[in-house]
Amino acid sequence: MEYDFKAIETKWRQHWQEQGTYAVTEDLQKDKYYVLDMFPYPSGAGLHVGHPLGYIASDVIARYKRQQGYNVLHPQGYDSFGLPAEQYAIQTGQHPAITTERNIARYRQQLDLLGFSYDWSREVRTSSPEYYRWTQWIFARLFEHGYDNGASKAAPIADLVARFAAQGNADLNWSVGEETLMAAGTTLWGSDFDGQFTASQWNDLGDKGQGEILMAYRLAYLADSEVNWCPALGTVLANDEVIGGRSERGGHPVVRKKMRQWMMRITAYADRLISGLEHIDWSDSIKEVQRNWIGKSTGAQLKFAVQHHAGRTVEVFSTRPDTLYGANFLVLAPEHELVADITTPEQKDAVAAYQAETAARSERERMAGDRGVTGCFTGGHALHPLTGAPMPIWIADYVLAGYGTGAVMAVPAGDQRDWEFARHFGLEIPPIFEGHDIESGACGDKSAILCNSGDWSGLSCAEVLPKAIAESTAAGFAEPRVNYRLRDAVFSRQRYWGEPFPICYVDGIPQLIEDEQVLLPEVDAYLPTEDGDPPLARASQWNISRGDRMEFNTMPGWAGSSWYFLRYMDPKNDTSLCSREKSDYWGQVDLYMGGAEHGTGHLLYSRFWTKFLFDLGIIGFDEPFAKMVNQGMILGRSSFVYRVEGTNTFVTFERRKAQRTQRLHVDISMVRNDILDTEAFKAWRPEFADAQFELNEDGEYRCGSEVEKMSKSKYNVENPDDLVERYGADTLRCYEMFLGPLEQAKPWDTQGISGVHGFLRKLTRLYLNAEGQSVITDNAPSPEAERTLHKTIKKVTEDLDRLSWNTVVSALMIGVNELTEQGCHERAVLQPLAAILAPYAPHLAEELWSTAQGAGSVVDAPWPKWDGNKLVESEVRYPVQFNGKVRFQFEVAADLNPKEVEAAVLADPRTSAQLEGREPRKVIVVPGRIINIVG
RNA sequence: GCCCGGAUGGUGGAAUUGGUAGACACGACGGACUUAAAAUCCGUUGGCCCGUAGGGCCGUGCGGGUUCAAGUCCCGCUCCGGGUACCA
């Protein structure tokens with residue numbers, strides 16, 4: 001056998017492992033290149049063919065860069081804290097660490113089969129204490145820092161303490177949790193607290209009071225907030241873990257609930273998270289997702305005095321204060337705190353009924369929204385700040401409590417929702433746009449000219465907007481405001497299998513524990529206590545137990561994954577998370593490969609933590625991933641059988657419509673070229689043991705098929721292990737790349753793999769005969785073979801540089817086809833050929849490299865350079881077009897200039913035959929490409 | 001609704017700055033080898049038309065446009081996939 005892939009792959013895998021081929025160290029003499037895969041959560045199901053797609057693509061680049069002389073960091077690890085292992089633990093009592101360990105072993109086994117160039121000595125696991133020690137450390141720094149908006153960076157809480165002692169919080173420009181501050185302030189100093197406190201007020205507080213005030217400034221803080229509570233999972237979830245009112249994992253219902261939780265003040269970084277997108281090379285769609293998620297909008301916060309309630313105001317946020325003259329009512333969120341105070345006795349019952357109705361409608365229903373217009377008048381009025389006109393105050397559920405101030409000024413002429421609301425309740429719609437028909441709907445056009453708007457009449461909205469903000473601010477009822485949709489992230493999970501917080505409570509105030517690591521304690525069950533405390537409350541034996549009690553929550557899944565790319569640089573360091581020296585050398589990830597589904601979670605949080613660590617000077621860059629590529633999903637091809645209803649008879653695809661049939665998924669392992677192995681099907685499940693079949697004319701049972709998501713339940717999962725067994729890892733690697741553009745979703749079709757396998761075999765025959773002996777010669781290669789080689793090197797190099805993985809395989813196939821035809825067996829061609837094959841088929845390339853007596857390992861074989869001179873041909877063949885249609889091919893010496901080519905082609909008899917006596921009006925010669933004769 | 005992708009043979013796809021559309025594979029069909037099958041090898045393979053060589057017409061979701069030349073650029077649609085939403 002000339003291509004014994006099993007022997008070859010086993011041999012070289014072992015060789016690489018013994019030689020430590022893939023271990024890398026910092027080498028200041030060389031330029032670095034950092035290629036990273038999003039590390040996997042090791043699930044119990046193992047890998048299917050979709051998972052390695054990105055790993056193969058990044059491995060190709062890692063190997064290519066290494067051959068180009070870069071010092072390549074290409075690590076892998078495991079995001080090993082997470083819910084599935086814990087759910088399994090709840091069901092079976094098996095410790096999640098054991099399940100996780102087993103799953104990791106299985107992953108590793110599967111990954112090893114594929115010949116990746118990972119430096120496994122740098123492996124990290126987020127669940128190992130040596131790793132999460134540093135996750136805890138970062139949390140502690142976030143707890144000890146706040147955000148100084150003036151300096152646009154994180155700053156120590158200790159600085160704040162000194163400042164408060166000296167001058168209170170006057171003129172402080174730090175990010176602050178206003179609700180937390182107001183709640184603490186009013187408790188400590190009474191209900192007239194306005195957000196400002198003096199040095200003496202501060203100094204009179206005890207530790208407890210000061211601790212409560214400081215919570216409003218910390219980047220990691222405790223707060224009572226509305227959170228997404230998922231009863232089925234028994235935990236809170238971050239916004240990005242909730243999709244359409246249900247949990248991302250498991251699809252369980254999620255409700256809003258007020259709870260005291262650890263939070264992350266990611267909102268402090270909102271602006272930098274947006275502006276940072278400009279400097280990173282990510283897909284536009286992911287950047288857009290992040291921009292939308294952060295949702296920056298610029299405008300003004302306006303105060304409306306409430307009629308008959310002296311001193312009380314409603315604050316609204318508006319991006320369009322230029323339309324202020326068109327505002328004729330206010331709408332508050334039903335939960336707005338002012339509602340109770342302003343509702344008149346006559347409206348009390350109606351308002352209470354509406355609030356109850358809104359609360360009863362779950363979050364999900366509100367989102368799914370058959371969005372009928374609903375609302376209720378409170379009976380109260382605000383006063384228009386410019387005209388003094390009374391404006392009725394309504395409540396309605398289209399105003400969200402969580403966004404802005406939870407209140408809007410309604411401008412029915414300028415906002416479609418306000419317009420619909422006004423229409424529905426018969427409210428007036430004051431016209432403020434010249435020439436706009438108010439019956440047709442609202443006008444959102446910023447170039448519209450205002451009318452009925454005092455001094456602003458006659459000007460365009462765009463012109464008035466800055467004026468409106470400035471004048472309203474000067475008049476004292478407004479101030480410029482930038483608002484974000486982004487909310488602070490909940491950082492607590494009421495679960496067991498996560499990082500324990502390095503926190504204990506003394507007198508209800510959280511204290512950091514840093515002199516010794518807090519380890520995840522053992523518990524007797526992975527369930528909440530009878531009192532509803534999280535599982536950690538069951539722990540009787542903590543390695544450290546201090547204060548009144550320990551923190552019972554654990555950190556969310558994204559904690560460990562927010563900084564793991566740094567740990568790979570210095571995985572064993574036990575004095576810091578990563579030495580500055582090493583992070584300065586390896587720097588940003590140059591190529592990050594992973595799914596696009598993490599756009600609002602992992603990819604945002606890791607950017608946030610990176611910026612924080614940058615602020616602290618721990619690292620020297622503030623974006624983690626300089627370039628990212630998102631691989632598309634691989635879809636499965638499902639097969640179906642058709643059972644006649646109420647029987648155990650199965651009809652072949654062609655005859656399925658003759659009777660009433662039921663379509664059932666059938667395991668694709670029993671189907672080949674759509675033909676079912678009926679015996680295997682009978683043996684599949686007991687209920688099919690006595691199945692009858694109605695076959696087609698060829699006496700076969702043909703299955704139906706459909707392309708859909710690859711999943712166990714659809715029996716369409718293709719397992720990489722089986723394919724490696726049948727064709728070898730090199731074939732699988734090439735084939736996954738050959739399927740099509742990496743970013744696109746594409747169906748998996750195993751039938752095509754034989755073509756790629758055949759290519760590798762054909763390639764092998766250039767080097768070895770049927771007996772496995774070398775047929776390589778030291779003769780000088782033919783000019784044709786050299787041209788083929790250099791053409792292929794050029795194409796492969798250029799395609800890899802533009803990350804066009806799929807076309808590289810085609811280019812190699814073309815090269816091998818040509819060399820086979822040419823009967824090429826020369827070392828001078830076959831050595832470089834093995835070198836450019838190496839990123840795709842490393843095992844075979846290593847074997848052939850050694851056959852061709854290449855020096856050392858092909859892994860370090862210098863990347864060949866193409867020689868332009870070898871590509872030059874003496875003749876050029878031009879397609880000749882007449883009026884845009886190709887009529888014949890024209891061979892001409894390559895060194896002619898366009899004028900000479902034109903003269904030559906016009907002299908050709910075929911030209912006069914085409915022209916039939918007409919004079920050519922114009923002749924276009926594109927050198928080396930095409931000739932077009934118009935006439 | 002909004003945002004982002006996409007649509008090319010029976011299938012996956014190629015065509016990088018506008019320059020021979022369908023490379024490279026799969027599948028299908030025909031042939032060689034074989035008692036037979038598998039494997040392997042060779043040939044044909046976008047559609048239509050005349051045909052002996054060879055040649056003609058049509059063709060990249062649809063309708064327009066720009067250009068000597070359009071899968072590629074512009075305008076207007078259709079369909080499919082993904083994301084997202086009372087965000088003021």
Side-chain angles (χ1 to χ4, degrees), chain A residues 243-244 283-289 291-293 295-297 299 316-321 323 327 331 333 366-369 371 373-374 396-400 402-411 414-418 420-421 483-486 596-597 599-600 632-633 635 637 673-674 707 734-735 738-741 743-756 758-759 761 795 798-799 801-802 804 806-817 877-889 920-935:
Chain A
I243 294 169
S283 75
D284 288 338
S285 64
I286 288 248
K287 287 189 187 181
E288 199 58 26
V289 162
R291 276 192 204 100
N292 291 341
W293 187 259
K296 180 178 182 173
S297 45
V316 305
F317 172 72
S318 173
T319 55
R320 296 294 304 276
T323 61
V331 189
R366 274 176 78 167
M367 282 184 176
R371 34 169 96 176
V373 178
T374 64
D397 65 3
Y398 81 84
V399 178
L400 303 178
Y403 184 75
T405 60
V408 302
M409 65 174 203
V411 183
D415 182 286
Q416 191 60 27
R417 286 183 327 262
D418 297 342
E420 281 163 17
F421 192 84
N483 211 18
Y484 297 92
R485 195 183 90 102
L486 182 72
E597 66 274 19
T600 52
M633 209 192 327
L635 305 166
R637 190 166 182 275
N673 291 0
D674 286 341
V707 169
C734 291
Y735 185 56
F738 185 63
L739 279 177
E743 292 91 337
Q744 263 171 42
K746 48 204 162 278
W748 178 261
D749 175 11
T750 310
Q751 289 187 120
I753 203 169
S754 63
V756 175
F759 150 69
R761 198 166 7 178
K795 174 82 176 150
E798 288 176 350
D799 284 1
D801 284 338
R802 68 189 171 102
S804 174
N806 55 324
T807 52
V808 169
V809 183
S810 306
L812 290 168
M813 285 175 171
I814 293 167
V816 167
N817 288 347
R877 206 175 52 125
Y878 281 96
V880 183
Q881 294 183 333
F882 288 82
N883 299 319
K885 285 189 199 295
V886 179
R887 292 305 175 190
F888 61 85
Q889 303 290 325
R921 279 193 283 126
K922 195 172 180 184
V923 179
I924 293 123
V925 177
V926 183
R929 305 220 73 138
I930 205 163
I931 299 167
N932 193 6
I933 298 171
V934 185

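Order of the sequence lines sets the chain letters (A, B, ...), proteins ahead of strands, with each chain counted from 1. Small disclaimer: the values here were computed from a predicted structure and weren't measured.
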Taking atom [atom1] in both [N] and [M], what distance in whole Å separates the two?
| N | M | atom1 | result |
| --- | --- | --- | --- |
| B:C33 | B:A38 | P | 16 Å |
| B:G9 | B:G5 | P | 23 Å |
| B:U67 | B:C77 | C1' | 23 Å |
| B:G27 | B:U34 | P | 24 Å |
| B:U84 | B:G19 | C1' | 41 Å |
| B:C62 | B:C80 | C1' | 15 Å |

Could you check how far [atom1] of [X] sits from [atom2] of [N], rounded to whole Å?
| X | N | atom1 | atom2 | value |
| --- | --- | --- | --- | --- |
| A:F759 | B:C24 | CZ | C1' | 11 Å |
| A:E420 | B:G1 | CD | C1' | 11 Å |
| A:D284 | B:C4 | CG | C1' | 9 Å |
| A:W293 | B:C87 | CH2 | P | 15 Å |
| A:I286 | B:G5 | CD1 | P | 13 Å |
| A:K287 | B:C4 | NZ | P | 14 Å |
| A:L400 | B:C86 | CG | P | 6 Å |
| A:I924 | B:A70 | CD1 | P | 12 Å |

Watson-Crick or G-U counterpart of B:G43, or none if no pair lies under 3.5 Å |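 Across all strands, the one nucleotide that pairs with B:G43 is B:C29.
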Could you tell me whether the side chain of A:R485 and the main chain of A:Y403 form a donor-acceptor pair under 3.5 Å?
->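 Such a contact is absent between A:R485 side chain and A:Y403 backbone.
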Residue A:R877, side-chain heavy atoms: nucleotide from B:C26, B:U20, B:C87 that is nearest =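 Minimum distance to the A:R877 side chain belongs to B:U20.
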Give the nucleotide from the list B:C68, B:A88, B:A85 with an atom nearest to the side chain of A:S318.
->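 Nearest to the side-chain atoms of A:S318, counting from C-beta on, is B:A88.
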Protein-nucleotides 58-60 of chain B N/O pairs under 3.5 Å:
none

Do A:E420 and A:R417 meet the salt-bridge criterion of a basic N to acidic O distance under 4.0 Å?
->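 Salt bridge between A:R417 and A:E420, a charged N being under 4.0 Å from a carboxylate O: no.
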Got a donor-acceptor pair under 3.5 Å from the side chain of A:N483 to the base of B:C87?
->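 Such a pair does not exist between side chain and base.
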Check the pair A:Y735, A:D749 against side chain to side chain donor-acceptor pair (under 3.5 Å), reporting the backbone distance first and the verdict last.
-> CA-CA 10 Å; A:Y735 185 56; A:D749 175 11; 5.3 Å; no
Just checking [X]: base, sugar-phosphate only, or nothing, at a heavy-atom cut-off of under 4.0 Å?
| X | value |
| --- | --- |
| A:V408 | base |
| A:V289 | sugar-phosphate |
| A:N292 | nothing |

Could you tell me whether the phosphate oxygens of B:U20, OP1 or OP2, come under 4.0 Å of any side-chain nitrogen or oxygen in A:R887?
->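 The answer is no; no side-chain N or O of A:R887 sits under 4.0 Å from OP1 or OP2.
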Within less than 4.0 Å of OP1 or OP2 of B:A25, is there a side-chain N or O belonging to A:N817?
->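 Checking A:N817 against B:A25: at least one side-chain N or O falls below 4.0 Å of OP1 or OP2.
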Grab the N/O contacts between the protein and nucleotides 8-18 of chain B below 3.5 Å, and write none if there aren't any.
residue : atom : partner : partner atom : Å
B:G12   : O2'  : A:L739  : O            : 2.6
B:A14   : OP1  : A:N806  : ND2          : 2.9
B:A15   : OP1  : A:R802  : NH2          : 3.4
B:U16   : O4   : A:K795  : NZ           : 2.5

Taking all atoms of both residues into account, what is the closest heavy-atom pair of A:S804 and A:T807, and its distance?
->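 Minimum heavy-atom separation between A:S804 and A:T807: OG-OG1, 2.6 Å.
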Heavy-atom closest pair, residues A:T405 and A:V316 |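 That would be OG1-CA, 3.3 Å.
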Measure all distances between protein nitrogen or oxygen atoms and nitrogen or oxygen atoms of nucleotides 40-46 of chain B, and list the pairs falling under 3.5 Å.
residue : atom : partner : partner atom : Å
B:U40   : OP1  : A:R761  : NH2          : 3.3

Syn versus anti for B:G61, judged by chi lying within 90° of 0?
->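 Anti, which is what one calls it when the glycosidic angle falls more than 90° from 0.
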Nearest 0.5 Å please: distance from the CZ atom of A:R291 over to the CD1 atom of A:I286.
->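 Rounded to the nearest 0.5 Å, the CZ-CD1 separation comes out at 12.0 Å.
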